[in-house]
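Take a look at the structure below.
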Amino acid sequence: MRMILAVAAVLYSASAFAQTDKPPMVGDKPLVQVKPKGAQAGTKAAATSAPAPKGKPQSIAARLQACLDLDDGTKDRLNCYDAVIAPTPKPKPAKAKGYADCRFFKEEDERLACFNGFAESIPKLPKT
């Protein structure tokens with residue numbers, strides 16, 4: 001019985017000493033730590049402005065598809081699209097041939113419909 005208590009005390013004290021305030025270091029640089037998979041997935045709050053992750057920039061197509069998570073026909077979705085491609089309205093824009101041409105529409109409803117059409121037609125990209 002004393003032996004079990006002694007082993008438990010040694011193991012408990014070893015785990016207490018192993019917990020430090022600083023992250024593990026390799027030389028003078030901190031060791032890279034991987035985030036859990038749930039922390040990397042985007043949320044609706046993060047999709048409102050369509051930010052790119054700090055480590056790897058997202059493509060325009062991926063950012064436009066992230067806007068599709070927001071409610072259809074809302075100002076929030078249009079703001080998300082406008083954050084990806086800034087609007088530069090023209091008095092008489094030509095018919096849009098690509099998603100970049102949607103920024104030329106002055107009317108918000110036309111711009112939203114244009115972006116929706118192109119964003120929905122983009123093939124789903126694999127999540128990396």
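Here the SG atom belonging to Cys67 is positioned 6.0 Å from the OH atom belonging to Tyr81, to the nearest 0.5 angstrom. The line from CZ of Arg111 to CG of Asp109 is 9.5 Å long, rounded to the nearest 0.5 Å. How far SG of Cys80 is from CG of Asp69: 8.5 Å, rounded to the nearest 0.5 Å.
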Item to complete: Take Asn79 and Leu70, measure what side chain to side chain contact (heavy atoms under 4.5 Å, CB included) needs, and give me the verdict at the end.
Response: CA-CA 10 Å; Asn79 289 340; Leu70 299 173; over 6 Å; no

Item to complete: Please step through side chain to side chain contact (heavy atoms under 4.5 Å, CB included) for the pair Lys75 and Glu108, ending with a clear verdict.
Response: CA-CA 9 Å; Lys75 181 77 173 164; Glu108 291 180 350; 2.8 Å; yes

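With a 4.5 Å cut-off on side-chain heavy atoms, Phe104 and Pro89 do not count as touching. In this structure, the side chains of Arg77 and Asp72 come closer than 4.5 Å at one or more pairs of heavy atoms. Residues Val84 and Ile60 are in side-chain contact: their nearest non-hydrogen atoms beyond the backbone lie under 4.5 Å apart.
Formation of a donor-acceptor pair under 3.5 Å by the Glu110 side chain with backbone atoms of Cys102 is not found in this model.
Closest approach of Ala100 and Ile85 over heavy atoms only: CA-CD1, 4.2 Å. Closest heavy-atom contact between Cys114 and Ala96: SG-CB, 3.6 Å.
Linking ILVMFWY side-chain heavy atoms closer than 4.5 Å, directly or via other members, places Leu68 and Leu112 in a single hydrophobic cluster.
Enclosure of atom CG in Leu5 by more than 12 non-hydrogen atoms of other residues, nucleotides or ligands within 6.0 angstrom is indicated.
Under the side chain to side chain donor-acceptor pair (under 3.5 Å) criterion, no residue pair touches residues 91-107, with sequence neighbours excluded.
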